[in-house]
Amino acid sequence: MAQSTLSVIFLIFNCFLFIESVPTTLETPVRYDGAQLWNVSLSDEQTRKIVFDLENEFDVSFWRTSNAAADMFLKKSVIESARQILNENNIEYSVRVEDMQKHIERESRQPYRDGQQNYGLTWDAYYSLNDILLFLDNLVEKYPNLCSLETIGYSHENRPLKVLKISNGKSGNKAIWIDGGIHAREWISPASVTYIVNDLVENWNNQPAYIQNVNWYVLPVHNPDGYEYTRNTNRMWRKNRSKGSNSKCFGVDLNRNFGFKWGGKGVSHDSCSEIYAGSGPFSEPESTAVADFFANNTENFEAFLTFHSYGQWILYPWGYDNGIPTDDAEELDLAGREASENMKALDGQVYTVGNSADLLYPAAGASDDYGKSIGIKYSYTIELRDTGRYGFILPPEFILPTAKEAHTFVHTIARIVAK
Ligand code: 0X9
Ligand code: ZN
């Protein structure tokens, strides 16, 4: 009797533990039935004002804006009112995605298992964090002399931040950092980074010297809490999942939380904003873990490559403000353009190269500037596919061609680093 009471108490206690450690899975998933992606022309100042005012009036968000047009995401409930305003003002727009929920449902699938030791991702679907971590574990198991894993820290919700090291162990090797998934909804980023890792490792013996004589450090999912949140609860989530005691809303934009020029242009101090910089530089465990990793590492890092989506851009520092080129901007531009040409040769896709603030917008506290600030020469943000047809909800059939472009980018930079 006493024992069964004890086990009931134990069970209840465990339940609470479970609730504590996996908070996101209990929320009802947000649905996007009838939500649409529009491309709106921005012909003049007045048009820009009318269009951007929609964000204050209705539940719309701007995924991308350029001088000429804006990609605007609209929940179903606001479509009619937004349509009316644009029509009344003769503002041209086209509907890119008719029903976002349908696209979201096409995205997820279980990984392929062949029943033996292999644990394969197949890059025709997007995978859970767990599947990605199992894939990394499996590489270490299969190739213990080449691969090792280091947990560089834990996310706000206690998920491990796992960095895969790939190295032939030669002294004098240079080092290259690659990360993906700092922004939760940019699923093509971890998908492409795992593809790169797989190619490096599985084809190691056939790799050129400029790949083999590098110590590779790869963090495929920089923001694991956000990533899981986009899979289980809200596909459009961007930030991490922390909440300060004085904050109204959840989440810090990790790409505004790094300690270099923190809090400058292109950030928000409102916790509800998509670009909330956090309560201070490195206030978040996910960004701190990366900074600690570099602080405690004595490797000779030559490249810092951080993968995002979307827009097809190859961006280099400084990105915290406009018109501030680095001393070696020409070299970074040249290397970026060489990569872009090689990427275009694959499938005809154009990746535009330039300074991140001038080409896109200024954003202070981003990881690319941090990488550059600690002396890593070839620091790039790569915005993968597409250019606004599907935006963040890139259908799975584009994973492989995009991942191959990312892979070619990495090869090009590695070749240049070796010179
Ligand atoms: O805004 C960002 O963080 C990046 N774009 S995204 O749509 N993937 O969110 C661009 C960051 C570029 N780097 C800097 N401006 N420093
Ligand atoms: Zn991003």
Side-chain angles (χ1 to χ4, degrees), residues 37 61-66 70-73 178-193 219-223 226-227 229-230 235-240 251-268 273-278 281 284 286-287 290 304-326 329 332 336 351-374 376 378-388 390-394 402 406:
L37 182 62
S61 56
F62 289 96
W63 280 6
R64 266 284 168 272
T65 47
S66 69
D71 292 345
M72 187 166 80
F73 179 63
I178 298 175
D179 70 78
I182 193 170
H183 286 142
R185 63 190 172 191
E186 298 165 10
W187 287 7
I188 188 60
S189 160
S192 298
V193 170
L219 173 61
V221 191
H222 196 321
N223 174 12
Y227 187 70
Y229 194 72
T230 57
R235 179 64 185 85
M236 302 308 168
W237 193 257
R238 167 182 168 94
K239 303 183 284 180
N240 77 348
V252 169
D253 183 351
L254 295 173
N255 212 31
R256 301 290 182 277
N257 191 243
F258 280 73
F260 181 73
K261 304 281 177 187
W262 179 88
K265 287 211 175 142
V267 315
S268 170
S273 162
E274 295 273 50
I275 49 168
Y276 177 46
E284 303 308 298
E286 297 88 351
S287 47
V290 170
F304 182 101
L305 314 177
T306 177
F307 285 93
H308 288 248
S309 73
Y310 64 96
Q312 300 181 194
W313 282 305
I314 294 167
L315 306 167
Y316 52 81
W318 299 109
Y320 63 88
D321 205 345
N322 288 110
I324 308 180
T326 61
L332 270 67
Y351 282 73
T352 308
V353 185
N355 171 280
S356 58
D358 297 339
L359 200 58
L360 199 55
Y361 43 70
S367 74
D368 50 7
D369 277 3
Y370 161 78
K372 187 72 183 166
S373 79
I374 59 168
I376 305 179
Y378 291 98
S379 172
Y380 292 95
T381 290
I382 307 92
E383 300 277 0
L384 295 166
R385 290 199 199 183
D386 56 14
T387 56
Y390 298 102
F392 301 115
I393 318 300
L394 189 70
T402 310

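Every number for a ligand or one of its atoms is a count from 1 in the order of the listing.
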- Message: Please determine whether side-chain hydrogen bond (donor to acceptor under 3.5 Å, both in side chains) holds for the pair Thr306 and Asp179, giving the CA-CA distance in whole Å, both sets of side-chain angles, and the decisive distance to 0.1 Å.
- Response: CA-CA 5 Å; Thr306 177; Asp179 70 78; 2.7 Å; yes

- Short N/O distance, under 3.5 Å, between Asn255 and ligand 1?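 Among all N and O atoms of Asn255, at least one is under 3.5 Å from an N or O of ligand 1.
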
- Any N or O of Tyr320 closer than 3.5 Å to N or O of ligand 1: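 The answer is no, given that Tyr320 and ligand 1 share no N or O pair closer than 3.5 Å.
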
- Stepwise ring pair (Phe, Tyr, Trp, His ring centres under 6.0 Å) check, Tyr320 with Phe260: CA-CA 9 Å; Tyr320 63 88; Phe260 181 73; 5.7 Å; yes

- How about the Zn ion (ligand 2), which protein N, O or S atoms come within less than 2.8 Å?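 Listed by chain and number, the atoms are His183 ND1, Glu186 OE1, Glu186 OE2, His308 ND1.
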
- Aromatic ring pairing Phe73/Trp63, orientation class (parallel under 30°, perpendicular over 60°, tilted between):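 Rings of Phe73 and Trp63: parallel, as their planes differ by under 30°.
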
- Query: Of all the heavy atoms in Tyr361, does at least one lie under 4.0 Å from an atom in ligand 1?
  - Reply: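 Yes; Tyr361 lies near enough to ligand 1 that a heavy-atom distance drops under 4.0 Å.
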
- Message: If we only consider heavy atoms of Gly266, is any one of them less than 4.0 Å away from an atom in ligand 1?
- Response: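 No, Gly266 has no heavy atoms under 4.0 Å from ligand 1.
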
- Tell me which protein heavy atom sits closest to atom 7 (O) of ligand 1, plus the residue, atom name and distance to 0.1 Å.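 Result: Arg64 NH2, 2.7 Å.
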
- Distance from atom 10 (C) of ligand 1 to nearest protein heavy atom, with residue and atom: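 Protein heavy atom at minimum distance: Glu383 OE2, 3.4 Å.
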
- Kindly confirm or rule out a cation-pi arrangement of Arg64 over Tyr310, judged by NZ or CZ under 6.0 Å from the six-membered ring centre and within 45° of its axis?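 Yes - Arg64 lies over the ring of Tyr310, closer than 6.0 Å to its centre and within 45° of its axis.
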
- Task: Using a strict cut-off of 4.0 Å, indicate which atoms of ligand 1 neighbour a heavy atom of Arg238.
- Result: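 Contacts of ligand 1 toward Arg238, numbered from 1: 1 (O), 2 (C), 3 (O), 6 (S), 9 (O).
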
